[in-house]
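When a ligand or atom number is given, it counts from 1 through the structure's own listing order. Computed from a predicted model, the values in this text were never measured in an experiment.
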Amino acid sequence: MKLLFLLLAVLSVANGFAQSKETIITIHPEQAKDTISKHLYGQFAEHLGACIYGGLWVGEDAAKPNTNGYRNDVLKALKELQIPNLRWPGGCFADEYHWMDGIGARSQRPKMVNNNWGGVVENNSFGTHEFLNLCEILGCEPYISGNVGSGTVEELAKWVEYMTSDGDSPMANLRRQNGREKPWKVKYLGVGNESWGCGGDMLPEYYADLYRRYAVYCRNFDGNRLFKIASGASDYDYNWTEILMKKIGNKMNALSLHYYTVKTWDGSKGSATDFSAEDYYWTLDKCLEIEEVIQKHIAIMDKYDPDKRIGLMVDEWGTWWDVEPGTNPGFLFQQNTMRDAMVAGLTLNVFHKYADRIQMSNIAQIVNVLQSMILTKEDKMILTPTYFVFKMYQVHQDALYLPLEMTGENVSASASQKEGKIHISLINTDLESEQRIKIFLPGLKVNQVSGQMLTSKAISDHNTFENPDRVKTVDFKDVKLNKAQLTVHLPAKSIVVLEIE
Ligand code: AHR
C-alpha cells in the first residue's frame, strides 16, 4: 500500500501533474478532554559539535555580542520561541559527564575528551551554573540528564543536592561558594540516557534495578520535587518498555522514547538538501511511522498503568542526515529544509493526539546539531524552517486538544483551543497538488479567521548564511468563512496555522 502511494506520488511529480484535491475536516470540541502539554515543545542541548560552544555559549570575553557569555542573537531567537524545557548535557555525552568538572572558576576546571562526539577536548567552561542560568534567562524548565553509565549513585545524588538544596548541606554550601546563594528549581531528572546503548549497554532487567537504586538517593530537597524519567526504549524495542513497566512501575514518573527519522540500512543517511521526490516521500513515511511506534509503547504502558500516571517522554526525535560536506562527521551538523519542516509539523500533530500519555518531547537538537532550530557560523546566525514550525505551533502549548475527523489524503491536521481561540495546524504534504479543505466547526460561533503559512518553491529550499530569508512564514489569506464552516486552499508542500475567533 505504502509502495503504491509512493509510486503514484513519484509518477505525479514526474508528469508535472498538479491538481486540486479535497479534504473534509470536522472538529469535535464536545469530545475534548486532554491538554497538549507545553512540554511537547521541549528542546535538547548536548555537548556535541557546535551546539554549546559557538552555538549557545561564546564566553564572557568573546568579541561576539553576548550576555554573560551567551550569544545575544541566539538568545533573542530562542526567547521568541517560548521554549518550555531544555534537556542537557546529553545524549550520549551525559553518561560520561562528571558534573563536578563543570563548577568553580572556569580557568581551573579540568578538561576531558568528548569520546562520543569527535574526540574533541571539552574544557567544561559550560557547566551546571551556565546551564541553569540559561534556563532562567529563557524562562524554561531545566531537564537534567544524569550519568548512570559511567557515574555513581553518590555523584548523581550530590548533583541533585548541589542544584536544589537550600539547607546547610555540604553541596548547597559548595554551590554558595561558587556564587549561587539560592538553589535552582529542577524538576525533570533523567536517570541515564540510552542505557541500552551508549549509556552503558545494559539489559532492561539490569537497568530497571539500577534505576530503582538511583531513584532512592535522588532526593527532594526544600520543596523541590523531582520528576524522575527512566531511560526508555529506542524505536521498536517494545521489550524494553515491557520490562521497565513491570519492574519499575510507578517508581518512575515517566519513561522516555527515542525515535529518529533516519535511514539505517546503508552507510549513507542521505543529504539534507539534495534529495529526490522519492526520498521525500520515504522521509514522510518514516516520520509518520512514529505513530504506530507510539501506539505500541502506549499499549504496553496501558497494561501496567491504565490510569496513565506514567508519562511517555519522546526526549529525542527529529531528522538525521549526512553531515554537511567538509564538516566534522562527529559534529552532526546538517542543513534544514522544508522537508525537515514537514517532519516537525507532522510529528507534532501526532504528539498532540496522544496528549493523555505523552507529556514531553525534545527535538534533537536546539542549535547546530541534527534538526536544529538555529544554525550559526562564526558571527552569523540563521533560523531554520523547523524554527518557524515551532514558532507557528506555539499556540498549541497548554491548549485543549480538540479531536477531529478527516477524509482525504496527504493532509495532516491538528486543532486546539486556548483563551477563547481555536488553532488548527494544517499540512499539505503533496509536492504538486493544492488541497481544498472544508473545515466544519459544529456548534461554534466563528467571527474571524487569520493564518500564517510556511512554504517554498522547492521542497529542498532552505536558509543559508548568504540567503537567510528564503524560507520564512507569511500571512495566509486563502481561507473563507461561512458561518461555522471554513474553506481553505492549501498550496502544495505547505504548513498553515489558522487562528479562529
Ligand atoms: O542526538 C544525538 C545522539 O543520538 C544522542 O547523543 C544520543 O542519545 C542518540 O543516540
Side-chain angles (χ1 to χ4, degrees), residues 42-53 55-56 85-98 112-120 122 126 131 143-151 188-202 204 207 211 229-237 240 254-264 269-270 272 286-287 290 293 312-324 327-336 340 343-344 347 360-375 384 386:
Q43 297 283 339
F44 171 31
E46 179 163 11
H47 288 242
L48 195 180
C51 183
I52 304 288
Y53 301 110
L56 292 166
N85 71 77
L86 184 57
R87 180 173 183 249
W88 174 85
C92 295
F93 179 81
D95 280 287
E96 282 201 78
Y97 181 62
H98 299 286
M112 68 176 281
V113 173
N114 190 335
N115 294 309
N116 283 289
W117 306 118
V120 294
E122 159 69 55
F126 189 96
F131 171 66
Y143 171 7
I144 294 284
S145 191
N147 180 347
V148 170
S150 72
Y188 297 108
L189 178 72
V191 182
N193 166 73
E194 297 195 350
S195 302
W196 38 263
C198 66
D201 200 12
M202 302 175 204
Y207 171 76
Y211 172 93
I229 303 168
S231 169
S234 165
D235 312 80
Y236 316 93
D237 186 355
W240 186 275
L255 89 169
S256 64
L257 170 66
H258 290 181
Y259 184 91
Y260 283 99
T261 297
V262 59
K263 237 186 230 171
T264 47
K269 295 180 168 63
K286 173 72 182 172
C287 154
I290 197 173
V293 170
L312 181 63
M313 321 304 243
V314 190
D315 63 11
E316 286 187 31
W317 66 273
T319 55
W320 194 323
W321 311 118
D322 287 342
V323 298
E324 286 307 297
T327 64
N328 187 328
F331 283 10
L332 310 187
F333 179 82
Q334 68 188 37
Q335 251 297 354
N336 193 299
D340 297 87
V343 170
T347 307
M360 182 189 282
S361 98
N362 304 77
I363 189 168
Q365 301 190 359
I366 190 164
V367 186
N368 289 333
V369 172
L370 301 178
Q371 193 176 351
S372 299
M373 305 295 116
I374 291 173
L375 299 177
T384 65
T386 300

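Near Leu370, meaning under 4.0 Å from any of its heavy atoms, are these atoms of ligand 1: 1 (O), 2 (C). Of all the atoms in ligand 1, the ones that sit under 4.0 Å from a non-hydrogen atom of Gln365 are 1 (O), 2 (C). Below 4.0 Å from some heavy atom of Cys92 lie the following atoms of ligand 1, by number and element: 5 (C), 6 (O), 7 (C), 8 (O). The distance from ligand 1 to the heavy atoms of Asn193 drops below 4.0 Å at these ligand atoms: 8 (O).
Residue contacts with ligand 1 for Val369 are absent, since no atom lies close enough (heavy atoms, distance under 4.0 Å). Counting heavy atoms closer than 4.0 Å to ligand 1, residue Trp317 contributes nothing at all.
For atom 1 (O) of ligand 1, the nearest non-hydrogen atom of the protein is Tyr260 OH, 2.8 Å.
In the model, Thr319 has a side-chain atom that pairs as donor or acceptor with a side-chain atom of Asp340 under 3.5 Å. Between the side chains of His258 and Asp235, no donor-acceptor pair of N or O atoms lies under 3.5 Å. With no hydrogens or angles considered, no side-chain donor-acceptor pair links Ser145 and Asn193 at under 3.5 Å. Neither side chain, Ser234 nor Trp196, offers a donor N or O lying under 3.5 Å from an acceptor on the other.
Where the criterion is an N or O separation shorter than 3.5 Å, residue side chain and backbone included, Glu46 meets it with respect to ligand 1. Checked by distance only, ligand 1 and His258 stay at 3.5 Å or farther apart across all their nitrogen or oxygen atoms.
For the pair Leu332/Trp320, a side-chain contact is recorded, criterion being any heavy-atom separation below 4.5 Å from C-beta on. Considering only heavy atoms from C-beta on, Cys198 stays 4.5 Å or farther from Glu96 through its side chain.
Proximity of Phe93 to ligand 1 is not established, as no heavy-atom distance is less than 4.0 Å.
Of the candidates His47, Glu194, Glu316, it is Glu194 that places a heavy atom closest to atom 10 (O) of ligand 1.
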